[in-house]
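Residue indices begin at 1 and follow the sequence shown. Remember, it's 1-based here, ligands and their atoms both numbered in the order they're listed. Predicted model only: the values in this text are computed from it and were never measured.
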Amino acid sequence: MEEFQRIILVHYHEIGLKGRNRGVFEKRLQKNLEALLGAFPVVTIHRISGRLLVFLREGTGHDEANACADAILGVPGVARVSCGFKCDREMAIMGQAAVAALTDAGAFESFKVSARRNHTDFEIDSMQMNRDIGEVLCEAFPDKAVKMKDPDVTVGVEVVQNAVYVYARSIRGIGGLPVGSSGRVVALLSSGIDSPVALWRMARRGAVPIGVHFSGRPQTADTSEFLVDDIAHVLERTGCIARVYVVPFGDYQREISIGCPPSLRVILYRRLMFKVAEEIARRERAGALVTGESLGQVASQTLENIAATNDAVTLPVLRPLIGSDKLEIIDQAQQLGTFDISSMDAPDCCTLFMPRNPETHAKLDEVREAEAKFPIADWVQALADAAEPHDYRCPAYKPKK
Ligand code: ATP
Ligand code: MG
């Protein structure tokens, strides 16, 4: 059988809706994919009428092509990925390409052909193409059924100006917007289950996320830092994290725990974390903070405590999980691949110097009064200066010099 050039079609519905900004989004997604697919045999990526076309190197096998498609699925902005071939505008060749594409589509019982012409300079109309290519497929797969409504596989045939794209295996992508199309955020990133999901959700809406992790070091070991690094490497695969700042926080917690009423400790730790994250956001020119809080999930995540931490900063604090159920968050963490890492035990700053009865309904004036005893502004600068940046591959992010 003839060899055809393997291609992967990347569809991006939501970007298509964005009207005026469409060109910018398309270019962003193209750049992100170019950078993220470095390890795959990709020759080039083109933009054609409402989708991206990934050309694979000659001789690329179907396993390699599928692996590349799987890598594309999780990239924000990708609504659907289809695997197939590019071929000449000749019915006999198109039929062969359709057989090849369907052969690679995995197990199926029923199929149909869905052909279309983007250029009417092709003499055969789509109905006729459906019939002719369908016939070829029926001969090649005699024990499979043609089914017009909900077939297992739809063989797509698209005739464009100088070529035809034929594909069969087609899978839904993660959706959303390309990372780098919605500004920059600073996400408070623990090694727990929730905050990696919160950060990822903002990436899927197109924000470039920069993590800030507060470690108990030097009062605890640095285990949580390794877990956060593992989590960041998972998020990096789809370009969903740019950088993580690790802040050694243990000594400051110790100071606070000695000099403040035990019930207010946690709130003061958290206010200091927010202020340091805000200072890092200022230095990074980020527009918002992000946390993994979910209303009522733990005793400290009450409306009063949310107010008490918001009061510490002026930047907007985004909480993408605020209305999510724990089981939904766990499901998403499992899909993302961060759940197993997050389930490992690590002492971080949150397990350090915990009071027996933390305040769950903090009163703002008491919190502010307790905090006034500490040189907070100096601490914020010192902690932001001490923050250690770790960089990850995120095509949309250029660190400043
Ligand atoms: P997670 O599962 O994200 O650890 P949690 O259920 O443990 O959250 P909290 O401890 O109340 O809940 O933390 C709430 C949010 O505060 C976290 O989602 C995260 O955004 C931030 N946070 C908590 N601990 C840290 C830390 N050590 N470093 C950075 N951010 C943190
Ligand atoms: Mg936690």
Side-chain angles (χ1 to χ4, degrees), residues 185-202 209-217 219-229 231-232 235 241 243-250 252-253 265-281 288-306 308-310 312-313 315 317-322 324-334 336 338-355 358-360 362 383-384 386-388 390:
V185 295
V186 163
L188 286 91
L189 185 61
S190 70
S191 62
I193 294 166
D194 303 325
S195 44
V197 174
L199 181 153
W200 175 80
R201 284 204 189 170
M202 295 312 299
I210 293 169
V212 179
H213 175 65
F214 295 90
S215 154
R217 183 157 50 95
Q219 302 284 336
T220 64
D222 51 7
T223 331
S224 72
E225 298 172 32
F226 286 100
L227 294 184
V228 166
D229 181 55
I231 287 167
L235 295 164
I241 193 160
R243 170 176 271 197
V244 174
Y245 285 94
V246 173
V247 182
F249 197 58
Y252 293 81
Q253 273 184 287
R265 266 183 211 167
V266 177
I267 287 175
L268 291 204
Y269 302 157
R270 294 183 60 74
R271 281 172 62 101
L272 183 56
M273 285 176 11
F274 274 53
K275 283 173 190 279
V276 173
E278 185 181 49
E279 174 58 20
I280 289 172
L289 303 182
V290 178
T291 78
E293 287 158 297
S294 158
L295 188 62
Q297 194 196 86
V298 291
S300 63
Q301 293 177 6
T302 59
L303 292 176
E304 288 88 340
N305 286 9
I306 286 173
T309 44
N310 272 17
V313 293
L315 269 187
V317 182
L318 308 179
R319 297 178 170 86
L321 307 184
I322 197 70
S324 293
D325 197 64
K326 188 73 186 184
L327 291 178
E328 285 167 28
I329 300 170
I330 289 174
D331 274 353
Q332 202 150 60
Q334 274 165 337
L336 262 181
T338 55
F339 180 79
D340 290 342
I341 307 168
S342 294
S343 303
M344 286 186 244
D345 240 0
D348 67 0
C349 69
C350 289
T351 47
L352 201 58
F353 309 117
M354 286 300 276
E359 181 60 67
T360 52
L383 283 163
E388 302 151 10
H390 300 260

Atom indices of ligand 1, in the order listed, that fall short of 4.0 Å to a heavy atom of [X]:
X	result
Leu188	19 (C), 20 (O), 21 (C), 29 (C), 30 (N)
Val212	29 (C)
Gly292	17 (C), 18 (O), 20 (O)
Glu293	14 (C), 18 (O)
Thr291	20 (O)

A side-chain contact here means heavy atoms from C-beta on lying under 4.5 Å apart; do [X] and [Y] qualify?
X	Y	answer
Ser215	Pro248	no
Arg319	Val317	yes
Asp194	Gln297	yes

With sequence neighbours excluded, residues passing salt bridge (Lys or Arg N to Asp or Glu O under 4.0 Å) with Glu225: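 Partners of Glu225 by the salt bridge (Lys or Arg N to Asp or Glu O under 4.0 Å) criterion, ordered by chain and then number, come out as Arg217.
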Short N-O contact, Arg270 and Glu293, less than 4.0 angstrom: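 Judged by the 4.0 Å cut-off on N to carboxylate O distance, Arg270 and Glu293 do form a salt bridge.
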Contact check: Val290 vs ligand 1, nitrogen or oxygen atoms, below 3.5 angstrom: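 It does not: no N or O of Val290 is found under 3.5 Å from an N or O of ligand 1.
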Donor-acceptor side-chain pairing of Gln332 and Arg201 below 3.5 angstrom: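 Indeed, the side chains of Gln332 and Arg201 share at least one donor-acceptor pair under 3.5 Å.
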Pick from Gln297, Arg319, Gln301, His213: the one approaching atom 9 (P) of ligand 1 most closely through a non-hydrogen atom: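 The option holding the nearest heavy atom is Gln301.
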